[in-house]
Number of protein chains: 2
Amino acid sequence: MRRVGVVSLGLIGGSVARRLVAAGVEVHAWNPSLPALEAAAVDGVVPARTIAELCAAEPDVLLLAPPLRAMADVAHEVAAHVRGGTVVTDAGSVKGAVARVVREAGLAARFVGAHPMAGTEQAGYAASDATLLDGARWALTLEDDTRLDAFCRVAQLVTGPLGGVVRVTTPAVHDEAVALVSHVPHVVASELLRLVGGSDHADLALALAAGSFRDGTRVAGTHPRRTEAMVTDNAAAVAPVLRRAAADLVALAERLEAGEPVGSFFDDAAAVRAGARVAGPDDARTTLTLDPATWQAELLAHPTSLVVGADERTRTLTLTNP
Amino acid sequence: MRRVGVVSLGLIGGSVARRLVAAGVEVHAWNPSLPALEAAAVDGVVPARTIAELCAAEPDVLLLAPPLRAMADVAHEVAAHVRGGTVVTDAGSVKGAVARVVREAGLAARFVGAHPMAGTEQAGYAASDATLLDGARWALTLEDDTRLDAFCRVAQLVTGPLGGVVRVTTPAVHDEAVALVSHVPHVVASELLRLVGGSDHADLALALAAGSFRDGTRVAGTHPRRTEAMVTDNAAAVAPVLRRAAADLVALAERLEAGEPVGSFFDDAAAVRAGARVAGPDDARTTLTLDPATWQAELLAHPTSLVVGADERTRTLTLTNP
C-alpha cells in the first residue's frame, strides 16, 4: 500500500489519516474546511485543494469519510475525477444507502463498502486519534459485482496498516446488524434522556443518576444530526427493531402490572450475553486462497469468521474461526 | 460516629464496611454465609454470629444491606433484637417497598431509608471496594414520622466517614426517579441484548458490536435475579415508564416509515443532557439549622439541594444549591 486518499478529515477520516501516516503510508486528503486540512498537513498529510486534485494523485485506495448527508455529492465528484487503478471505499455507518449512491454515481466497479466499528460521541479532526482504530472491527460489504482484486486491496489496507480486522457481509445484512448494535442503541440512549426530561422529577432523577445511566446514555452525546442521519438512512432496518423493542417493553409492563414473574426477560438477555462467541484475532488461523468464481459465496457463508490478513497479489486471506 | 453495624456484606454492605474501617469507625457485621464474614474479619470488621448479637452491640447506626428479597426477613429479625439508641437505615434500591416492610416489622420509629447511587454489575464481598462509594450520591428518604435526630445521624454518617453526599426525597419520588435513571436503563440494556438474540444475524451483530453497544448493555451484566427484584419491587413506577418508552419508540418508527424528519427526537434528548444542572459538592455552601416543626417540608422543597455535611448534635446541615 503506497498511497491512500481520504475525503473528509472528521473523526474517522482523521483517525485513518493519522494512523496511515504513522505507518509510513503516503496519505493525501481533501477536507471541505481548511483549518482541519491545514492541521492534517502539519501532521504529515499531503493536502489536496479539491477532490479532483486528490483523485489525480491516483491513490491505491480512496476512502470516502464525509458525513452521510454529504456522501452523494462526494461520490459524484469522485466519479467525475477518479482514474487509474484507484479502488474506492468508504466509512459510512449505513451501507445500503451508500451502496446506492455509489452505484448511481457510477463508481460501483471500483467500490468496496467499509464500516469501521469504532468511534466516540465526539466529531471532527481535533477529536481524531491514530489509536481509535486499534484492532477495530471493520465490516466490508460485498455486492454481486464487487471485484475480487478491489476487495483484497481494501482488506489488505484494513488488516495491514490500519491494524483492524474484517467481517465480510452484504450491505443489507450489515444494516440489520448495525441497527441492532449501534443505531437502536443510539435511539434508546436518547429515549432514556427524553423519559427523564418528561418527568416531574427530572431534577432529582438527574441528581441521583449514577453509572448505569451514565453508561446507558453516553452515546446520546453524539451530535443529534449525526444520529438523525444514521437512523434515517437506515430506516428500513431500524424501524422494525424499534417496533419489536416497543412490543417487548409493553409485554414486560403488562407482566409487572399483573404481578407475574419477569425473570425470564433478564435470563434471555443474560443468555445472549453469555452466548456471544465470535472469532477473535488470537484464534487459530487458516489461509484461504480466493477462487474468482466462488469467493463471494465462500466468504458470506462464514459470517463469524474474521479476516486478519489479506494479500491482493496472491488473493489469499488469513482467517480465524470461532 | 463510634460504631456502625452492617447486615449483609455484599457489594454495597462490604464497601460500606471497608470504607468505615478505613475511616477508623468500629464496624460490626453479620452475613448469612461465613466465608465473606471471615474475609471481612481479616479486613478489620468485628464479626457477629447472629443478627441478635449484632444488635446487642448497640451500633449508632445499623445498615441493612441484604438482597431486596431478604429485606423483610432481615427487618423482622432486627426488630426482634434492636435496642438502645440504634438508628436503622438500609441500602435498598427501591424505597417504597423497603419502607413498607420496615413499617410492618415495627422499625419505622428508628428508621431512615437510604440508597447509595453506586454499584457495578458485580456482586458479593469479594467485589466490594472502599472506593466504590467515593463521593457517591445517597438518597435519604423521609416519611411523616421520620425522626429528626435519626435523619441527622444517618446524614452525618453518609457525609462524614462514608464520604458521600445526600439528596433528600420521599420513598415514592425516589422510586419514580430511580425507575428513570436506573431500573428502566437496566431493562433497556437487557432488551438491547434480547433484540440481538432474536435476530437471524445475531452472530454478525455481536461480531460488529463496538463501544455504543458495550456501554449500552453493560448493566445487563447485573445478575438477572437482582434486576428482576429491582423492577418487580418497583413495578408501580417502572411499568408506566416502560409504556411511555414503548409509545415513543413506536412514534419514532412511524416517522421513519413515513420518511418524516426525526431530528427533534434527538434534539429533545440533547436538551435534557445539556440542561442537567444539579448542585455539586463544590457549589457555594449554606448552613441550615433544622426546625423540628418544619424540617421535612423545608428539605423536600429543595430536591436539587445537596447535603454535604450534617451534625446530629446541633441539627444543622451544610447544603449546596445549584
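In what follows, every chain begins at residue 1, and chains take the letters A, B, ... in the order their sequences are listed.
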[X] versus chain A, the contacting section by heavy-atom distance below 4.5 Å:
X        : answer
B:Val231 : both
B:Arg225 : side chain
B:Thr232 : both
B:Glu191 : both

Enclosure of A:Arg100 CZ (heavy-atom neighbours >12, cutoff 6.0 Å) = no
What residue in [options] has the most heavy-atom pairs under 4.5 Å with chain B?
options                                : value
A:Val238, A:Asp267, A:Val184, A:Val196 : A:Asp267
A:Leu192, A:Leu195, A:Thr227, A:Leu249 : A:Leu195
A:Ala209, A:Gly216, A:Ala229           : A:Ala209
A:Leu180, A:Val250, A:Val241, A:Val262 : A:Leu180

Can you tell which of [options] has the highest number of heavy-atom pairs within less than 4.5 Å of chain A?
options                                : value
B:Met117, B:Arg194, B:Arg244           : B:Arg194
B:Asp268, B:Asp248, B:Val188           : B:Asp248
B:Leu252, B:Thr169, B:Asp200, B:Val187 : B:Val187

Just how far is it from atom CZ of B:Arg285 to atom CG of B:Leu319, taken to the nearest 0.5 Å?
-> 10.0 Å
Partner residues of A:His115 under the ring pair (Phe, Tyr, Trp, His ring centres under 6.0 Å) criterion, sequence neighbours left out = A:His174
Would you verify whether the NZ or CZ of B:Arg255 falls within 45 degrees of the ring axis of B:Phe265 while also being under 6.0 Å from that six-membered ring's centre?
-> no
Is the backbone N or O of B:Asp134 less than 3.5 Å from a side-chain atom of B:Thr131, with the two atoms forming a donor-acceptor pair by type?
-> no
Determine yes or no for a side-chain-to-main-chain donor-acceptor pair under 3.5 angstrom, with A:Arg273 supplying the side chain and B:Ala220 the backbone.
-> no
Out of A:Asp90, A:Asp233, A:Asp175, which one pairs with A:Lys95 under the salt bridge (charged side-chain N to carboxylate O under 4.0 Å, His left out) rule?
-> A:Asp90
Set of residues satisfying side chain to side chain contact (heavy atoms under 4.5 Å, CB included) with respect to B:Ala270, sequence neighbours excluded = A:Pro224
